[in-house]
Amino acid sequence: MRLTQGTFSFLPDLSDAQIRAQIEYCLGRGWAVSVEYTDDPHPRNAYWEMYGMPMFDLKEAAGVMAEVDACRKTFPRHYVKVNAFDATHGWEALRLSFIVNRPPNEPHFSLEREEGAGRLQRYRLRY
Amino acid sequence: MSASPSPALDLDTLYRESHVAGALEALERELVGLVPVKTRVREIAALLVVDKLRRSVGLEAGAPSLHMSFTGNPGTGKTTVALRMAEILHALGYSRKGHLVAVTRDDLVGQYIGHTAPKTKEVLKRAMGGVLFIDEAYYLYRPENERDYGQEAIEILLQVVENQREDLVVILAGYKDRMDRFFSSNPGMASRIAHHIDFPDYDERELLAIAGLMLDNMKYRLDAGGEAALREYIALRKTQPHFANARSIRNALDRARLRQAKRLFEQRGTPLTREALMAITAADIRASRVFKNKEKIA
């Protein structure tokens with residue numbers, strides 16, 4: 001099943017040129033870009049592993065692309081995403097995050113919603 | 001052979017459209033002397049313009065290697081030329097962003113095992129799309145300490161210099177003799193750097209012209225006596241130790257400004273004109289230590 005997390009996840013996979021253009025956009029806005037990967041794309045798994053440090057003060061996407069390629073080469077069967085963090089006052093948050101690599105066979109899982117007592121809602125994972 | 005003649009190509013239009021003319025003119029205007037350097041920069045610019053034209057008609061030759069080594073005594077304009085170089089490469093579309101990242105050994109080499117590679121890579125990533133200027137590059141290699149991490153930084157640099165030449169241009173700078181020693185002990189580095197440019201020392205006439213330019217920028221001017229004094233000052237200063245070409249001139253002018261301000265301050269009460277605020281006189285320059293030493297020797 002195709003994982004739909006982050007920006008552009010309902011679109012076909014981005015080509016490298018498109019990824020580069022997105023990163024250029026982030027750098028142009030002064031966001032710090034980082035690369036993360038995981039083998040567990042569960043929606044509750046908010047903390048993916050960092051691939052190297054976040055990259056500050058970059059002027060050009062080539063450096064990030066090299067990092068993305070290195071991460072894909074190291075973890076070809078993992079999910080890899082690119083995050084862009086906006087440090088300006090008032091934001092201090094991720095502004096863009098999109099998947100740049102998927103495993104050849106994506107695990108199947110879906111969420112099921114359960115009503116509990118009162119207005120409580122529980123989510124259950126179904127593989 | 002094809003029967004139809006290929007259409008004429010307009011090199012001049014391309015040259016004018018590329019904005020490189022402006023950058024080259026600025027180089028000519030702002031830097032005095034340095035004929036061999038300017039010649040080489042022009043050659044590189046010409047190569048890139050011609051390359052662009054060749055590409056437009058399908059004659060691919062691959063990106064030329066533009067890594068450079070600037071050697072010369074202190075204050076001969078290495079950093080300034082590197083800045084201009086970044087602009088020119090950007091104007092010609094060779095580098096995509098045209099910024100200059102100036103670093104020294106401290107920015108590349110770490111303090112403990114495993115610290116150097118990430119540090120160097122980070123700097124390289126920051127420099128991508130522009131120019132990486134490594135000042136006093138010979139400090140990277142310290143043969144007296146075999147466990148020095150500088151060698152690691154050099155190896156990473158070499159990799160990038162070879163494989164990612166379309167992403168960044170590396171300029172190594174430093175004093176001539178030490179750079180020569182650095183290259184002879186790192187032949188891999190020497191052979192991957194295509195352009196070795198030597199910056200000659202300025203002669204007295206050029207130094208005076210540089211002083212003129214600096215004063216223009218700072219909105220000062222020398223009166224007649226001041227110019228003669230400065231000429232004498234330069235001749236004397238050149239013979240003394242630690243002479244750093246244009247940098248020495250800049251420092252001398254900064255000190256002359258200080259003395260001018262003091263002189264004006266001491267005669268406060270008298271009305272001042274705009275001219276008086278701009279003028280640097282012989283007295284301001286002759287109060288320098290350089291002249292005092294001369295009297296001592298005499």
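Proteins get letters first, then strands, A, B, ... in listed order; numbering begins at 1 in each.
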**Request:** Verify the neighbour count for atom CZ of B:Arg250: are there more than 12 heavy atoms of other residues, nucleotides or ligands below 6.0 Å?
**Result:** no
**Item:** Residues, nucleotides or ligands: over 12 heavy atoms within 6.0 Å of A:Glu114 CD
**Value:** yes
**Request:** Please check if atom CG in A:Asn105 has more than 12 non-hydrogen atoms from other residues, nucleotides or ligands closer than 6.0 Å.
**Result:** no
**Item:** Residues in residues 73-86 of chain B near chain A [non-hydrogen atoms, under 4.5 Å]
**Value:** none
**Request:** Report, as yes or no, whether the 6.0 Å neighbourhood of atom NZ on B:Lys97 holds more than 12 heavy atoms from other residues, nucleotides or ligands.
**Result:** yes
**Prompt:** Which bit of B:Arg126 comes within less than 4.5 Å of chain A, counting heavy atoms only: side chain, backbone, both or neither?
**Reply:** both
**Message:** Within the supplied structure, the quantity of interest is the number of heavy atoms (other residues, nucleotides, ligands) at a distance under 6.0 Å from A:Arg2 CZ; does it exceed 12?
**Reply:** yes
**Request:** Tell me the residues of residues 46-76 of chain A whose non-hydrogen atoms fall below 4.5 Å from those of chain B, in number order.
**Result:** A:Met55, A:Phe56, A:Asp57, A:Leu58, A:Lys59, A:Glu60, A:Ala62, A:Gly63, A:Ala66, A:Glu67
**Prompt:** Could you name the residues of residues 149-174 of chain B that have a heavy atom within less than 4.5 Å of a heavy atom in chain A?
**Reply:** B:Gln164, B:Asp167
**Asked** Counting only heavy atoms not in B:Ile113, do more than 12 fall under 6.0 Å of its CD1?
**Response** no
**Request:** Could you list which of residues 17-31 of chain A have a heavy atom closer than 4.5 Å to any heavy atom of chain B, in residue-number order?
**Result:** A:Arg20, A:Glu24
